[in-house]
> 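One structure coming up, written as structure tokens, with questions to follow.
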Amino acid sequence: MAMLVPSQILPQTGETRRLLLKWVIAFLVPVLVFTLVWSGEAILNAALLAIFLPSSFSIAAIAAGLFMLLFYGIIMGLTGYLVAADSGRQSLLDLWISMFFFTVVPILLIYITANLFVGLAASVVVWAFYYYGRRLVRRFRPPAPLPPLPSLKVLDAEMRATLLTRARLGSFWFALSFSLIWLLADLLFYFTGQYGQASLVFLVWILLRSVLLPVAGWLLGSLGGLVAIRHAVPANGNGSNGDRAGAPVSTRRLRLLSATRAREEARDLVPNDLPLRSTGARNFYLLLLLALLVFYPMIDPFLFGPGTDSRLDNYGNAGYYVILALGLNIVVGFAGLLDLGYVAFFVIGAYTWAMVGSPQLTVLTGIHINPDIWPWLFWPMLIVAALIAALWGVLLGAPTLRLRGDYLAIVTLGFGEIIPIVVQNLDKYTNGTNGLTGIYSPAFFGVHWNVSTSEPYYYLILVLIAIVLLANLRLRDSRIGRAWIAMREDEIAAAASGINLTRTKLLAFAAGAFFSGIAGAYYAAKLSTVTSGNFSFSDSVIYLAMVVLGGLGSIPGVVVGALAVYAVNVLVLPQLDALGNDPSSIIYPIYTHILQVIPNFSFSNIRNLIFGIILVVLMIFRPEGLIPSTRRRHELHHTEAEGAEITSLDTPPGAPGFESEMRVE
């Protein structure tokens, strides 16, 4: 008897079946672990109860449920994109092992430790062993290198339809497999009576979900297929000269580059040997990250239990570290100016709002401001504090125009030491060592804002980071950004090219100080008190370490570097002490044995030792940083095997393509 199954949902070729098996299993395992082992299903159940049971109504639970729907939708779209974009040349087992270590292991470790950063820190240790073992395996059994170009073909209408069908199949079969396994698990819970009085609501939801998930998978697979088609080579994508549909693309430019550059140029095209690293996949990652950041305060209680306010407070503090790292990256990473006094601009920004947003303004000027209006001054003063810090950045940069390298570092170090001391001795304006207290928190429509409310500050720092990130991206790609990079590489060559070094350096100092001033104003408002003892030279060293560890000149790198440095110093090590003193913790036996050998031991006491070891290890094995820029990576890992880059100037006259490359009329 013929099966009544539409032919569209059945894979037609062996290659498609292999891709479906490869990617469906790769994402099915981590999603099931998150849903059934951790808190995925608990979040959705709480959202259902909040909707259908008035006694359980909660806006936060509904918002958390909305995040889960977005999460599953993004994963389904991503699966469809990867099935469509994959060239099929990556080993199936290699992908599964990598996905296990980079998705399942972090989920389980975060779940076991019940702490985001401790779980991620443990994952980093596991990843280090994984990379080491992988290198050993590849040393004894080196894989055959894949040439970067054979997959580049112009796609005609039929090939594009094939990509779209593959994407739909990938998302559909992932959703169908996931819904069936989830259905079996939920039916087991239902018949064992674990849903209690709301069992009927959950039964209807289980059946409805099992039908809707595959339908949503098919629709979202279309989205993933469209993203894959967008990154395919267009029929006339080689410029003015069109290509025959289905024929290999005339990739003369790629063929004339070194192997490394060719891989970089071709890695975003579809089909792709490593689609997880392509631009199309990166768009799904960014969408998932954005959803996580926006909904995090609502899902945090389900993931980690009580203590959400404390965790959000820590994340808010980590946020201004990110802004400081992004600002310093302009000075050190883009312009190549070693600044060891960056904390000075942070001090200036903090005291600017502290003096205006506290009773100290009345003491100095005699002006009385309505307490209901006073907090609203934060928004204009945020810009004023940044502008004042930028002005001091120019004043610092002016005397150092002729200096570079070590001499510039010494001058900026002196400036960083001078400013906190000056602030401390201006007793009339800053209250000296007592500092300024009673600083107002910002005010905004419909927001209850004070020192003890961490959620508004969490969203405020997210908005500030987004603005600073956008400004950094625009500056990097602008004319002045190119001038900074040229000056960093060679000041003499930059000057010979017509770049005004004086103006360029001053703009770098001003831009970096501007963002530091923003972070300082946020810091003062959040802490509600500012004292000169909060700032020291060691802070400047920490900020510089963020940039270097993340990757000089790399915007995503310095963001990761800032979060990593803050997490190690503030979140991970103190939490390890708490876990070590908890008898139910997995590290309690190890911690007890350490105390027997070293009495009064604590991880917090050896914080600088651990941080120093991390710095040394990273600088030895990955000197370019965690997420380096392409230029920096090439500088530190250039090999002779890559050969010299060949450009159009190296094409001999009369050779094929000479006229098109040189654009000879």
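Here the structure is a predicted model, which is why all the values come from computation and not from measurement. Along the sequence shown, the residues carry numbers beginning at 1.
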> Are the side chain of Tyr458 and the backbone of Asp309 linked by a donor-acceptor contact shorter than 3.5 Å?
no

> Determine, stepwise, if the pair Trp353 / Ile439 fulfils side chain to side chain contact (heavy atoms under 4.5 Å, CB included).
CA-CA 8 Å; Trp353 170 241; Ile439 303 171; 3.4 Å; yes

> List the steps, then state whether side chain to side chain contact (heavy atoms under 4.5 Å, CB included) holds for Met546 with Leu328.
CA-CA 9 Å; Met546 294 176 182; Leu328 186 58; over 6 Å; no

> Applying the side chain to side chain contact (heavy atoms under 4.5 Å, CB included) test to Thr430, which of Val422, Val423, Val530 qualifies?
Val423

> Return yes when atom OH of Tyr132 has more than 12 non-hydrogen atoms of other residues, nucleotides or ligands closer than 6.0 Å, and no otherwise.
no

> Donor-acceptor check, side chain of Asn431 to backbone of Leu436, threshold 3.5 angstrom: yes or no?
no

> Is any side-chain heavy atom of Pro30 closer than 4.5 Å to one of Phe100?
no

> Which class fits the ring pair Phe535 and Tyr351: parallel under 30°, tilted 30 to 60°, perpendicular over 60°?
tilted

> Just checking, any donor-acceptor pair under 3.5 angstrom between side chains of Tyr543 and Ser516?
no

> Give me each pair satisfying side chain to side chain donor-acceptor pair (under 3.5 Å) with a member in residues 316-331, each pair once, sequence neighbours excluded.
Asn317-Lys526

> Rounded to the nearest 0.5 Å, what separation is found between the CG atom of Leu552 and the CG atom of Leu544?
8.0 Å

> For ring pair (Phe, Tyr, Trp, His ring centres under 6.0 Å), just list the numbers for Tyr296 and Tyr315, CA-CA rounded to whole Å, side-chain angles, deciding distance to a tenth of an Å, and then say yes or no.
CA-CA 11 Å; Tyr296 182 81; Tyr315 301 155; 5.5 Å; yes

> Is it the case that over 12 heavy atoms from other parts of the model lie below 6.0 angstrom from the OH atom of Tyr285?
yes

> Between Tyr566 and Phe117, is the ring pair (Phe, Tyr, Trp, His ring centres under 6.0 Å) condition met? List the steps.
CA-CA 10 Å; Tyr566 179 83; Phe117 282 96; 7.6 Å; no

> Measure the OG1-CZ distance between Thr504 and Arg488 for me, rounded to the nearest 0.5 Å.
14.0 Å

> Classify the side-chain pair Ser604/Ser602 by whether it contains a donor and acceptor separated by less than 3.5 Å.
no

> Any donor-acceptor pair under 3.5 Å linking the side chain of Tyr522 with the backbone of Gly319?
no

> Determine whether more than 12 heavy atoms belonging to other residues, nucleotides or ligands lie under 6.0 Å from atom CG of Asp406.
no

> Assess the residue pair Leu626 and Leu618 against the criterion (side chain to side chain contact (heavy atoms under 4.5 Å, CB included)); give the C-alpha distance rounded to whole Å, side-chain angles, the decisive distance to 0.1 Å, and a yes or no.
CA-CA 8 Å; Leu626 296 174; Leu618 279 176; 3.9 Å; yes

> Does a donor on one side chain and an acceptor on the other come within less than 3.5 Å for Asp313 and Ser310?
no

> Look at the side chain of Thr400 and the backbone N and O of Gly397, then say whether any donor-acceptor pair between them is shorter than 3.5 Å.
yes

> Are any of the side-chain heavy atoms of Phe537 and Glu417 separated by less than 4.5 Å?
yes

> Hey, could you give me the CG/CG distance between Leu78 and Asn283, rounded to the nearest 0.5 Å?
10.5 Å

> Rounded to the nearest 0.5 Å, what separates atom CG in Asn115 from atom CG in Leu579?
7.0 Å

> So do the side chains of Leu549 and Met619 get within less than 4.5 Å of each other, counting heavy atoms only?
yes

> What is the ring orientation for Phe345 with Phe415, classed by angle as parallel under 30°, tilted 30 to 60°, or perpendicular over 60°?
tilted

> Check whether any side-chain heavy atom of Phe515 lies under 4.5 Å from a side-chain heavy atom of Leu464, and answer yes or no.
no

> Are the side chains of Leu324 and Ile542 in touch, meaning some heavy atoms are under 4.5 Å apart?
no

> Could you please spell out the steps behind the side chain to side chain contact (heavy atoms under 4.5 Å, CB included) verdict for Leu506 and Leu401?
CA-CA 8 Å; Leu506 291 180; Leu401 292 175; 4.1 Å; yes

> Between Val343 and Ser536, what is the shortest heavy-atom contact and its length?
CG1-O, 3.7 Å

> Measure the CG-CZ distance between Leu571 and Arg311 for me, rounded to the nearest 0.5 Å.
11.5 Å

> In terms of heavy-atom contacts, does CZ of Phe611 have more than 12 from other residues, nucleotides or ligands at under 6.0 Å?
yes

> Angle class for the Trp379/Phe444 ring planes (parallel below 30°, perpendicular above 60°, tilted otherwise)?
perpendicular

> Which residues pass the salt bridge (Lys or Arg N to Asp or Glu O under 4.0 Å) test with Arg134, not counting sequence neighbours?
Asp94

> Any idea which heavy atoms bring Ala508 and Val331 closest together, and the distance?
O-CG2, 3.5 Å

> Give me the atom names and distance for the closest heavy-atom approach of Ile555 to Val558.
O-CG2, 3.2 Å

> Decide yes or no for Val31 and Ile75: does some side-chain heavy atom of the first lie under 4.5 Å from some side-chain heavy atom of the second?
yes

> Can the ring centres of Phe302 and Trp38 be said to be less than 6.0 Å apart?
no

> Stepwise, does the ring pair (Phe, Tyr, Trp, His ring centres under 6.0 Å) test hold for Trp127 with Phe102?
CA-CA 8 Å; Trp127 295 340; Phe102 288 100; 5.2 Å; yes

> Of the non-hydrogen atoms in Ala325 and Ala562, which two are nearest, and what is the gap between them?
CB-CB, 3.8 Å

> Could you walk me through whether Tyr523 and Phe346 pass ring pair (Phe, Tyr, Trp, His ring centres under 6.0 Å), step by step?
CA-CA 9 Å; Tyr523 171 83; Phe346 186 51; 5.2 Å; yes

> Look only at the side chain of Asp582 and the backbone of Ala578, and say whether a donor-acceptor pair between them is shorter than 3.5 Å.
no

> Using side-chain heavy atoms (C-beta onward) and a distance below 4.5 Å, is Ile461 in contact with Ile323?
yes

> Check Leu576 against Ile587 and note the closest heavy-atom contact, atom names and distance.
O-CD1, 3.6 Å

> Any side-chain heavy atom of Ile606 sitting closer than 4.5 Å to one from Leu573?
no

> Which heavy atom of Gly416 sits nearest to which heavy atom of Ala344, and what is that distance?
CA-CB, 4.1 Å

> Going by the angle between their ring planes, with limits at 30° and 60°, are Tyr457 and Trp449 parallel, tilted or perpendicular?
perpendicular

> Between Thr531 and Thr433 (side chain of the first, backbone of the second, donor and acceptor by atom type, cut-off under 3.5 Å), is there such a pair?
no

> Give, for atom CG of Leu303 and atom CE of Met298, the distance between the pair rounded to the nearest 0.5 Å.
12.0 Å

> Trp376 side chain to Pro442 main-chain N or O, any donor-acceptor pair under 3.5 Å?
no

> Between Tyr111 and Ser39, does any side-chain donor sit less than 3.5 Å from a side-chain acceptor?
no

